[in-house]
There are 4 protein chains.
Amino acid sequence: MNQRLSTDRRVGETVDVRPTPRGRKRDPSRDAAILEAALDVLAEVGASGITMDLVAERAGAGKGTIYRRWPSKAELIVDAVAYLVRNQVDVEHLPDTGSLRGDLLGLFKPDAMVESTRLLNVMRAFASLLADDHALADAGSAAIVGPWADAHLLFMQRAVARGEVSASADIGTVSQILPSMAAYRTLIQQKPFTEEFMLSIMDGVIMPALGIYAAIAPTKSTGV
Amino acid sequence: MNQRLSTDRRVGETVDVRPTPRGRKRDPSRDAAILEAALDVLAEVGASGITMDLVAERAGAGKGTIYRRWPSKAELIVDAVAYLVRNQVDVEHLPDTGSLRGDLLGLFKPDAMVESTRLLNVMRAFASLLADDHALADAGSAAIVGPWADAHLLFMQRAVARGEVSASADIGTVSQILPSMAAYRTLIQQKPFTEEFMLSIMDGVIMPALGIYAAIAPTKSTGV
Amino acid sequence: MNQRLSTDRRVGETVDVRPTPRGRKRDPSRDAAILEAALDVLAEVGASGITMDLVAERAGAGKGTIYRRWPSKAELIVDAVAYLVRNQVDVEHLPDTGSLRGDLLGLFKPDAMVESTRLLNVMRAFASLLADDHALADAGSAAIVGPWADAHLLFMQRAVARGEVSASADIGTVSQILPSMAAYRTLIQQKPFTEEFMLSIMDGVIMPALGIYAAIAPTKSTGV
Amino acid sequence: MNQRLSTDRRVGETVDVRPTPRGRKRDPSRDAAILEAALDVLAEVGASGITMDLVAERAGAGKGTIYRRWPSKAELIVDAVAYLVRNQVDVEHLPDTGSLRGDLLGLFKPDAMVESTRLLNVMRAFASLLADDHALADAGSAAIVGPWADAHLLFMQRAVARGEVSASADIGTVSQILPSMAAYRTLIQQKPFTEEFMLSIMDGVIMPALGIYAAIAPTKSTGV
DNA sequence: GCCTAACCGAGACGGTACGTCCGGTCTTTTT
DNA sequence: AAAAAGACCGGACGTACCGTCTCGGTTAGGC
């Protein structure tokens with residue numbers, strides 16, 4: 001969590017009361033090395049096999065160096081997942097295809113995101129930790145599902161603005177459907193997040209719920 | 001998983017090659033005692049605090065007796081959850097209220113299901129284990145969400161039959177929305193499954209997706 | 001210990017109040033089978049490796065059958081050792097060679113007694129149990145060393161009678177030297193009971209202590 | 001056995017190839033604490049009652065710390081006994097009383113050696129373990145009996161030098177009589193090592209075997 | 001020729017110690 | 001002062017084994 005904590009620094013204050021740091025400075029390269037090592041180990045031995053000693057050895061770091069940065073194994077893994085997702089998803093530049101369906105389809109790149117064993121194993125460990133540690137559940141879950149839900153909401157707000165969707169639709173709720181079902185399928189059911197599944201939700205639920213009955217042939221049910 | 005194994009018996013074969021079991025029989029009362037003890041311990045000390053010694057002591061059983069039945073702590077807890085759900089849900093007699101919305105509302109009794117600390121803690125442990133053990137994920141998840149999804153599907157088939165819902169609606173997919181989102185909210189997000197949340201999904205997603213725009217005032221978005 | 005217990009029967013009483021035993025009789029062949037199995041297992045896996053289940057399996061017996069006869073593993077092994085020694089040593093017919101030294105030498109047959117791995121392993125287990133179980137120490141030890149000490153004493157009494165040894169010699173103590181040192185060497189030191197060692201004791205201790213300085217060249221010290 | 005291993009260091013070699021040890025050093029105080037705890041537990045609960053968890057708790061140590069030093073319970077106890085004997089016996093300054101009998105009598109202080117429950121229980125455990133573990137038997141046994149036998153031999157060599165004992169006597173063998181019979185009596189027979197027993201051996205065996213018939217009234221036989 | 005008690009082999013049971021592993025902390029040396 | 005290495009405490013894991021018990025089946029008397 002040091003990343004977050006490090007952003008807590010209030011800049012621009014008149015006086016910084018903290019004394020000048022003495023002695024050797026923290027080596028910033030260790031953070032990334034440890035996070036990468038954690039992700040590697042997760043992908044190799046799985047959620048139940050990960051060990052702090054293993055991570056330390058892989059990172060070429062001492063356990064003290066890890067515990068100076070993260071207070072527990074759980075928080076290290078949460079940060080590692082956040083680190084992974086940060087580098088994976090790019091919610092910043094959202095292309096405008098002109099239709100809601102096109103926008104949503106453009107958001108997901110199944111190849112990069114889902115088929116990676118690395119990402120899948122990380123997700124499993126993540127779910128495991130959330131269930132173990134009540135305090136992390138909310139923050140951790142939001143860090144993963146949040147960005148996608150935000151993007152969905154933005155797309156739907158655009159669709160309302162251009163008249164594609166009625167203003168009375170509950171887009172706040174609908175925007176959460178696909179992200180949370182994708183998370184459930186990946187984390188709990190351990191099934192791959194296929195395009196077929198995505199299209200079922202899209203055309204069987206989201207489009208009808210928003211009153212969009214385009215000239216699209218309805219897809220079959222996935223039969224989960 | 002011994003329950004499942006017992007169903008492996010092939011009946012009706014000409015010759016049963018298995019020899020008569022010799023020695024003392026397994027005491028079936030130990031199964032229930034151990035499962036109950038596991039659920040008790042889970043509810044008391046939580047998912048991360050459960051211990052085989054604790055379960056054994058609570059059950060008045062030796063550890064050998066537990067490990068003779070389940071090969072690991074993970075599988076014991078999965079069976080304990082299945083045992084709990086079996087005794088908790090009663091999907092057998094489904095009242096017919098005449099409308100899909102009424103049927104679905106009648107299915108959920110939030111008090112019994114959600115407010116129970118026992119059930120909630122059990123679910124947390126369950127999610128933790130599913131993420132650990134790939135092989136258990138599918139079966140375990142299905143055992144929990146499955147019955148509810150089946151009930152939803154049945155209600156929607158009735159609604160189609162009575163003309164309330166169009167035959168072209170993808171009820172196979174829609175029937176999974178609420179169960180899986182409820183599971184996600186409970187297991188991963190650790191948030192309570194409130195009536196407000198349920199109504200958001202119901203009136204903001206399911207009803208519109210099935211083309212039912214009744215004279216019901218739409219509820220506010222939950223803002224997850 | 002059933003052998004000993006069975007001799008507890010008081011015969012000659014006026015009335016035997018014990019009712020006629022009903023039901024199936026104990027199968028006497030099981031006693032020997034179990035004792036032999038115990039000795040086999042001891043010789044194969046050693047003192048620390050012996051297990052009641054192993055003995056039962058080897059004997060083709062149930063554990064209940066064993067525990068009906070002996071109250072504990074310790075007592076079974078003590079009896080097994082006694083059984084072995086009973087069949088091994090024949091203190092009954094003691095040949096009279098005319099000289100004490102000849103009598104004593106004739107008593108020991110190193111080949112049969114000492115080089116047997118079976119006997120050695122049994123002895124190790126025996127020592128282990130004696131040290132564990134205070135109550136067995138005296139009886140067990142006497143059962144092994146006793147017969148030899150008795151034979152030694154008898155030979156020395158003969159020697160006193162024929163004038164070979166002075167009547168003032170403490171033959172009660174001297175007769176215990178060789179048996180107990182042999183036991184110590186075998187049980188504790190785990191060294192073989194060689195003829196060389198025996199002759200050292202004989203000619204370096206026993207003969208001089210009894211005042212017999214025959215025309216025998218003194219052997220070298222063993223240098224334990 | 002780490003004590004012994006530490007003596008394996010070859011000194012005087014041109015180059016010491018072993019690199020500087022890195023990381024935290026082993027805490028030498030833990031060795032003593034664990035050995036003392038083992039001896040305490042032995043004296044309190046006996047040989048069959050000792051437990052590694054008990055030793056760890058008593059020493060305030062983790063089990064890992066114990067198993068990092070000794071590979072098994074057996075070897076820990078052997079080392080504990082060696083540690084006890086090292087601190088118990090003081091064979092260094094042997095008083096010269098002028099007569100062999102006086103020297104030998106002066107060596108034994110029955111109070112310190114025998115009446116101590118602590119020492120006795122330790123010895124029982126020791127015998128039990130020796131019988132279990134062949135590899136330990138010789139070294140362990142020598143560590144206990146050795147020092148006493150050495151002292152006896154020294155006394156007898158003095159006696160030969162001063163003409164009290166004939167040069168042809170096999171003092172190498174005779175010097176082992178009392179130590180090994182004392183060990184046998186204590187370890188196997190579990191009987192106390194009384195002064196009466198000692199005098200029987202002394203005056204009934206050792207003195208006559210060495211040709212010393214002093215003006216001492218012969219004691220009665222012990223009748224083991 | 002049954003009836004019934006005690007036997008038998010097999011193996012499940014409660015309890016407990018084993019030796020291993022790992023989370024989080026502390027110590028030593030080097031940078 | 002931070003870093004790498006690794007020892008340290010505490011405690012859970014899954015295995016093994018003791019002595020007891022239960023199961024179905026066998027072997028005797030006694031009726």
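Lettering follows sequence order; numbering is per chain, from 1. Every value quoted in this text rests on a predicted model; they were computed, and no experiment measured them.
Annotation: of the two residues near DNA chain E, B:E57 and D:T51, the 5′-most nearest-nucleotide partner is B:E57. Residue whose closest nucleotide on DNA chain F sits further toward the 5' end, between A:A59 and D:D27: A:A59. Both C:G64 and B:A61 lie near DNA chain E, and the one whose nearest nucleotide falls closer to the 5' end is C:G64.
When all heavy atoms are compared, the tightest approach of D:D27 to D:D31 is O-OD1, 3.7 Å.
Taking 4.0 angstrom as the limit, D:R22 places none of its side-chain polar atoms (N or O) nearer than this to OP1 or OP2 of F:dA7. Within the structure, a side-chain polar atom (N or O) of D:R69 is placed less than 4.0 Å from OP1 or OP2 of F:dC8. OP1 or OP2 of F:dC9 sits under 4.0 Å from a side-chain N or O of D:T65. Distances shorter than 4.0 Å separate none of the side-chain N or O atoms of B:K63 from OP1 or OP2 on F:dG14. Note on B:R24: every side-chain N or O is 4.0 Å or more away from OP1 and OP2 of F:dT20. Taking 4.0 angstrom as the limit, D:R68 places a side-chain polar atom (N or O) nearer than this to OP1 or OP2 of F:dC8.
The pair C:E75-C:R69 does not meet the salt-bridge criterion, since no charged nitrogen lies less than 4.0 angstrom from a carboxylate oxygen.
The separation between A:D53 atom CG and E:dC22 atom P is 7 Å, rounded to whole Å. To the nearest angstrom, P of F:dA4 lies 18 Å from NZ of D:K25. The nearest whole Å value for the distance from the OH atom in C:Y67 to the P atom in E:dC7 is 18 Å. Here F:dC23 presents its P atom at 14 Å from CZ of B:R30, a figure rounded to the nearest Å. Spacing between atom CD1 of A:I66 and atom C1' of F:dG6 amounts to 13 Å, rounded to whole angstrom units. Atom-to-atom, CE of A:M52 to C1' of E:dT25 comes out at 12 Å; the value is rounded to the nearest Å. Here F:dG19 presents its C1' atom at 13 Å from CG of C:L76, a figure rounded to the nearest Å.
Heavy atoms of A:I50 sit under 4.0 angstrom from primed sugar atoms or phosphate atoms, though from no base atom. Here C:L54 lies out of heavy-atom contact (under 4.0 Å) with every strand.
Put simply, the side chain of B:K73 and the base of F:dG14 share no donor and acceptor less than 3.5 Å apart. Checked by distance alone, C:R26 brings no side-chain donor or acceptor within 3.5 Å of a matching partner on the base of E:dC7.
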Discussion item. For A:E57 and A:K63: C-alpha separation, side-chain torsions, deciding distance, then whether salt bridge (charged side-chain N to carboxylate O under 4.0 Å, His left out) applies.
Written reply: CA-CA 9 Å; A:E57 186 190 356; A:K63 287 209 290 176; over 6 Å; no

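Of the possible donor and acceptor atoms, one in the side chain of B:R30 sits under 3.5 Å from a partner among the backbone N and O of B:A59.
Between the CD1 atom of B:I66 and the OG atom of B:S72 there is a distance of 12.0 Å, given to the nearest 0.5 Å.
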